[in-house]
Structures are given as C-alpha cells and as structure tokens.
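Below is one structure, written out as structure tokens; the observations come after it.
In this text, all values refer to a predicted model and were calculated from it rather than measured experimentally. Letters A, B, ... are given to chains in the order of the sequence lines, protein chains preceding strands, and every chain is numbered from 1.
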There are 2 protein chains.
Amino acid sequence: MSRQRTAVLQTLRQTTKHPTAADLFDAIREQIPSITLATIYRNLAVLKELGLVIEVDAGGTSTRYDATTQSHSHITCIKCGLVEDLDLDLDTGNGVDVSVEEATGYKLVEHTTTFHGICPRCQSESNTN
Amino acid sequence: MSRQRTAVLQTLRQTTKHPTAADLFDAIREQIPSITLATIYRNLAVLKELGLVIEVDAGGTSTRYDATTQSHSHITCIKCGLVEDLDLDLDTGNGVDVSVEEATGYKLVEHTTTFHGICPRCQSESNTN
DNA sequence: GTAATTGCAAAGTATTTGCCCGTTT
DNA sequence: AAACGGGCAAATACTTTGCAATTAC
C-alpha cells in the first residue's frame, strides 16, 4: 500500500460522488503533486482486483469509481451527468441473484440497477452541473 | 433514411447480440463496402435521438447498442464479455419507476439492471468468446 | 536486497468532428 | 440551391503500457 494507493482509496471512501479517474487525479494532486493519471488508473485496477472498489457505468463518457462494493442502485441525470446512490429495497431483493443463476446457469458476482432520468435541478434550470 | 442508416437499424434489429459500433461496421461492410466507422457512429447517434436504439453499458471497453428500447435487463459475462438479454419479471416491476420518482424528485426515462457473472461456458472452459 | 510501484512519455482504443462531395427535394 | 447524409482524414477523449528511477517491506 503506497502513499498513492492509499490516497486513491481514501479519497474514494470519503466522497459520495462517483468520481472519474480524472476527478481523483485532481483531488489527490493537492496532497501529492507528483502523482500522475497513469498511477491513478493503475491503482484503481489493483483496488478493483482486491474487491475494494467497483466501476460504475452510468452512461457518461468516462468510467466512474465507487468504494461501496456491494450491489446497489444508482440514479443518474442524463442532462448534467450527476450520479447518486440509491437505497432501494423495492427491487433486486436478496433472492434475485439466486433466481437468475438458476434460470441462466451463470455464476453471479453482483448486479446493478441504474435509473436514468432528469434530476430536480435540471428540471428547473438549464445547467451542466 | 439513407441506405447506410437503414442498414444500421436493420442489422441491429436482426441480432440478439449487443453489437459495438465496430461489430456493426464489420457486418454492414459486407453489403456496403464503402461505409466508414464515422457513418456508423453518426447514424447510431441519430437513431438514438429518434428513440429507435439505446446504448447498453455492460462494462466492456466500448459501448454496445440495442434495438430493443424498452427498459430491460442484461446479463454479462465478466470473463468473455458476452451480453445477453434477460427477461425478468422478478424485479423492476412497473411501479418501481414511479416510486423512485417520488423518492428522488427525478423525472425518470428508463432504468436498466445488469447482472455480472461468469457464463456457463466460461465456467467450464477457458475461452475469450 | 528484492519486488512492487512510481513518473514520464508514448502508444492504444474508442469516439467525434471538419471539410468537401454527391444525392435528394 | 438548400438540406441532408456520406467518406475520408484529422482531432479528441480516455485508458494502457514500456522503461528507468524510487520506494516499500
């Protein structure tokens, strides 16, 4: 666990946003000015291997990362790109994975539900977040 | 609707796979050898605007496209990258979007559930699809 | 001391754009 | 001739990789 790797994990754990590699780069550069984007990407790959972070595909152009690794839902604004966590017990109950495994023969690792819509702020104003 | 645009839509409608732009390019090139990847991308953008195709983010490196535009689930193999449709009435029932709208203030467009796991084939063999 | 990890620069992919030409109305 | 769409090539992301120097254990 290098200083850089720790910073990536801590930064990710301290935010409720779902930062891109570039977001992390900008944030961590304030503490470790010499860090590079390549290091961010390499550490994200390692942390992903270790199961400490997951990728979140929310439709934007670049991949977002999340230190909450359990299966959970996201809601994202198709206008400004905001990505938020969603605590949902409505769908995707605990037995779903098992049912899907039985129906498909897959060995499941996790599942994600993403809701796409327009956030309250974008419904009123015209902004780019 | 040019010949090229029609080909993109038809090809997408005739497959159960979830092709990338490059996949479509390879397929359509057999009928229209002069077509370019830029044309594929431009037409996918137009068809998306028209609501005739949707993007599917299944974790792979490139975006996949789907002519089934209603909210539906996908199951994807984290080893070989296969993406399949999943007919699920288990979760994501009809009332879910409304509940989420009420809880979040978002105006929802659609939602997608993606299951990530290892497909039956990859569980036995070691292949790259 | 050895193996892991970094920074830097360069290379890879994936996707988008500018420009000009041909087709359709 | 105006509008639309296409092909080509160049430009933009975003992400990954090779290499030599540095750091962690």
Side-chain angles (χ1 to χ4, degrees), chain A residues 1-12 17-66 76 78-81 83 128-129, chain B residues 1-12 17-66 76 78-81 83 128-129:
Chain A
M1 270 291 180
S2 63
R3 185 167 169 232
Q4 288 85 340
R5 186 168 304 164
T6 306
V8 170
L9 185 55
Q10 292 308 329
T11 306
L12 216 35
K17 311 228 169 141
H18 297 73
T20 62
D23 292 337
L24 291 166
F25 178 53
D26 289 338
I28 295 171
R29 208 161 24 161
E30 291 175 14
Q31 311 152 31
I32 311 177
S34 65
I35 202 170
T36 62
L37 245 186
T39 298
I40 305 281
Y41 276 112
R42 272 187 289 231
N43 280 320
L44 286 170
V46 172
L47 294 169
K48 199 172 59 169
E49 281 290 312
L50 296 173
L52 296 174
V53 314
I54 58 170
E55 296 187 347
V56 177
D57 257 339
T61 118
S62 42
T63 304
R64 291 165 171 278
Y65 295 86
D66 193 335
T76 178
I78 57 179
K79 201 165 167 195
C80 70
V83 181
T128 326
N129 203 24
Chain B
M1 269 292 181
S2 63
R3 187 167 168 231
Q4 288 83 344
R5 186 168 304 163
T6 306
V8 170
L9 186 54
Q10 292 308 328
T11 305
L12 217 34
K17 313 229 168 137
H18 298 72
T20 62
D23 292 338
L24 290 167
F25 178 54
D26 289 340
I28 295 171
R29 207 158 30 158
E30 292 177 12
Q31 311 150 31
I32 310 178
S34 65
I35 203 170
T36 63
L37 246 186
T39 298
I40 305 282
Y41 276 111
R42 271 189 287 234
N43 280 320
L44 286 170
V46 172
L47 293 169
K48 198 171 59 170
E49 281 290 312
L50 296 173
L52 296 174
V53 314
I54 58 170
E55 296 187 346
V56 177
D57 257 340
T61 117
S62 43
T63 304
R64 292 165 171 277
Y65 295 86
D66 194 335
T76 179
I78 57 179
K79 201 164 168 194
C80 70
V83 181
T128 327
N129 202 22

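Rounded to whole angstrom, the span from the CD1 atom of Ile28(B) across to the C1' atom of dG7(D) amounts to 15 Å. As a whole-Å value, the separation of Met1(A) CE from dT23(D) C1' is 16 Å. Rounded to a whole Å, the CG atom of Leu9(B) is 16 Å from the C1' atom of dG5(D). At whole-Å resolution of the value, CZ in Arg3(A) and P in dT22(D) are 17 Å apart.
Between Gln4(B) and the options Asn43(B), Ile40(B), Thr36(B), a side chain to side chain contact (heavy atoms under 4.5 Å, CB included) holds for only Asn43(B).
For the atom pair Met1(B) CE and Leu50(B) CG, the distance stands at 6.5 Å (nearest 0.5 Å). Taking OG1 from Thr20(A) and OH from Tyr65(A), the interatomic distance works out to 9.0 Å, rounded to the nearest 0.5 Å. The structure places CG of Leu12(A) at 5.5 Å from CG of Leu24(A), a figure rounded to the nearest 0.5 Å. Annotation: the span from Ile35(B) atom CD1 to Arg3(B) atom CZ amounts to 9.0 Å, rounded to 0.5 Å. Here the CG-CD1 distance, from Asp26(B) to Ile28(B), works out to 10.0 Å after rounding to the nearest 0.5 Å. Leu44(B) contributes atom CG, which lies 9.5 Å from atom CG of Leu9(B) (distance to the nearest 0.5 angstrom).
Put simply, chain B comes within 4.0 Å of DNA chain C, heavy atom to any atom, from dA14(C) to dG18(C), going 5' to 3'.
Taken residue by residue, residues 30-51 of chain B places heavy atoms nearer than 4.0 Å to DNA chain D at Ser34(B), Ile35(B), Thr36(B), Ala38(B), Thr39(B), Arg42(B), Asn43(B).
The residue Thr63(A) sits close only to the backbone: its heavy atoms come under 4.0 Å of sugar-phosphate atoms, none of a base.
Here the closest heavy-atom approach between residue Ile32(A) and residue Ala7(A) is recorded as CD1-CB, 4.1 Å. What you find for Val83(A) and Ala58(A) is that their closest heavy atoms are CG2-CB, 3.7 Å.
Taking 4.5 Å as the limit, every side-chain heavy atom of Lys17(A) sits out of range of all side-chain heavy atoms of Asp23(A).
Summary for the helix from dG1(C)-dC25(D) to dT25(C)-dA1(D): the axes at its two ends, each from 5 pairs, differ by 30° when rounded to the nearest 10 degrees.
In this structure a side-chain-to-backbone donor-acceptor pair under 3.5 Å is missing from His18(B) to Arg64(B).
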